[in-house]
Number of protein chains: 2
Amino acid sequence: MRKKLTERQLEILQFIEDFVEENNFPPTYREIGKKFNIASTFGVKRHIDALVKKGYLTTESNSFRSISLKDRKKNVNCEENNYVSVPLVGKVAAGYPVLAEENIEGNISLDASLLKSKGNLFGLKVQGDSMIEAGIFEGDLVIVKSQKICQNGDIIVALVEDESTLKRYVKKNGKTFLMPENPDFEPIDVTNNKNFQIVGKVIAVYRSFN
Amino acid sequence: MRKKLTERQLEILQFIEDFVEENNFPPTYREIGKKFNIASTFGVKRHIDALVKKGYLTTESNSFRSISLKDRKKNVNCEENNYVSVPLVGKVAAGYPVLAEENIEGNISLDASLLKSKGNLFGLKVQGDSMIEAGIFEGDLVIVKSQKICQNGDIIVALVEDESTLKRYVKKNGKTFLMPENPDFEPIDVTNNKNFQIVGKVIAVYRSFN
DNA sequence: TTGACAAGTGCACATAAGTTCACTATATTT
DNA sequence: AAATATAGTGAACTTATGTGCACTTGTCAA
């Protein structure tokens, strides 16, 4: 249990929460002061310092608008009761953010204990069987962490020439390949390919049988 | 549909999303520039302006750290989800009901939409790699529906001579086999084997990477 | 009385950060 | 060849914003 707050501190914490909810960024000391008729920012500062000390906030010193609410429910993934809700993405097209509203076909809730990664996650139905030897089949659901870069050996979702594809990302001898895990498919050399773009890294696979 | 983004704009939008996710407050132009090796904040500014113009962001002019992602999924609907809680079973031993309390190591909640079957379900960590060609690897979590009989071709959890095993159930020429899906393993003939017992049918597989 | 907190004021200060401008470079399109 | 869009540089400018200090007020307990 965290330390008890004074009434004033509570009010201010509440205001910061509301402000962040409203604006997606935290208020400045002067904005807080204005709301509570505190003329001096130093007065505000001491409240903030107290809230930091008691474990409700963090701030970056000498940085503006850097108040961060601790343990706040991120609205990207709803993590109430250890569930993580991930959007189900229909298609991946070049030039649009994967998580754009238009792409999202639904949501799936997963138990947080099943997911080892955090961040921008989404689910994607697998098309094609280029990864069968990696145990990923057509129709499987893959959980993808949205990211632009990845490590050698990661299984990724990528865009190549406006086509989205699921492959293993391999760097070898200064070249970059997308390796299928199916003898019927050929590796794709994407070294210096300008129409190649990483969409995200596969962090989990789910398959259900009839 | 919002306007298409250039690759650079997409990268930057992605970075902002990640940054907000990480810090709960948006980055400054210089922080963005630093990440992408853009020396001049003006270069960054024009990207931000473009993203605002295309409807992906809003900013407060002359205010620091005031980038706000538009249409963040605040409307995550946590309410209307159906969860199914399945027990995680540690080991399957003969003579004990699989779902006996002693065997249960925890619970996992799954979105009902992921499960096509109802009934007595449980989760089981896969040991051994006899089913790799069916895309089930060691360490995977299989969701099993507890049942005593099954259909030809089902992947099942069975007890043979007090050992629990994961195999495909195949009837052929009046005989019953447990078929591994790995060339290194031999089929097991369980025809008339009194120490053979079906525990349940695998209805789903879940695997997380790393 | 003393002292300790909590809360606030007013000012000066340093600087982090957004804005603007002129200029360059590369594609792609007309 | 000219025009347009994207991308970046570097410097100058402005100001929003956090920090520090000295001082005041009120409350509550020892």
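Taking the ring-ring contact (aromatic ring centres under 6.0 Å, His included) definition, one finds that B:Tyr206 meets it with nothing, sequence neighbours left out. Under the ring-ring contact (aromatic ring centres under 6.0 Å, His included) criterion, A:Phe177 pairs with no residue at all, not counting sequence neighbours.
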Walk along nucleotides 11-20 of chain D from 5' to 3' and tag each nucleotide B, S or - by protein heavy-atom contact under 4.0 Å, base first, then sugar-phosphate. ----BBBBBB
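In this structure, the CZ atom of B:Arg46 is 15 Å from the P atom of C:dT24, given to the nearest Å. Atom C1' of nucleotide C:dA7 and atom CD1 of A:Ile48 are separated by 14 Å, given to the nearest angstrom. The distance from atom CG of A:Asn37 to atom P of C:dA7 is 16 Å, rounded to the nearest whole Å. Here C:dA17 presents its C1' atom at 14 Å from NZ of B:Lys34, a figure rounded to the nearest Å. Here the C1' atom of nucleotide C:dA16 and the CD1 atom of B:Ile32 are 14 Å apart, to the nearest Å. B:His47 places its NE2 atom 15 Å from the P atom of D:dA5, with the value rounded to the nearest Å. Going from atom CG of A:Leu51 over to atom P of C:dA6 covers 12 Å, rounded to whole Å. Per the geometry, CD1 belonging to B:Ile67 stands 12 Å off P belonging to C:dA17, to the nearest Å.
For A:Glu138, the CD atom counts as densely surrounded, since its 6.0 Å shell holds more than 12 non-hydrogen atoms of other residues, nucleotides or ligands.
Between atom CD1 of residue A:Ile188 and atom NZ of residue A:Lys167 there is a gap of 4.5 Å, rounded to the nearest 0.5 Å. Note: B:Asn23 CG to A:Glu60 CD = 6.5 Å, rounded to the nearest 0.5 Å.
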Using a cutoff of under 3.5 Å, can you pull out all pairs of nitrogen or oxygen atoms linking the protein to nucleotides 24-26 of chain D, with atom names and distances?
none

List the steps, then state whether side chain to side chain contact (heavy atoms under 4.5 Å, CB included) holds for B:Ile48 with B:Thr59. CA-CA 9 Å; B:Ile48 301 301; B:Thr59 58; 3.9 Å; yes
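Using modelled atom types, one finds a donor on one side chain and an acceptor on the other under 3.5 Å when comparing B:Lys54 with B:Gln9.
Evaluation of the side chain to side chain donor-acceptor pair (under 3.5 Å) test over residues 33-47 of chain B, restricted to residues two or more places apart or in two chains, returns B:Lys45-B:Asp49. Listed by first and then second residue, the ring pair (Phe, Tyr, Trp, His ring centres under 6.0 Å) pairs that reach into residues 24-44 of chain B are B:Phe15-B:Phe36, sequence neighbours excluded.
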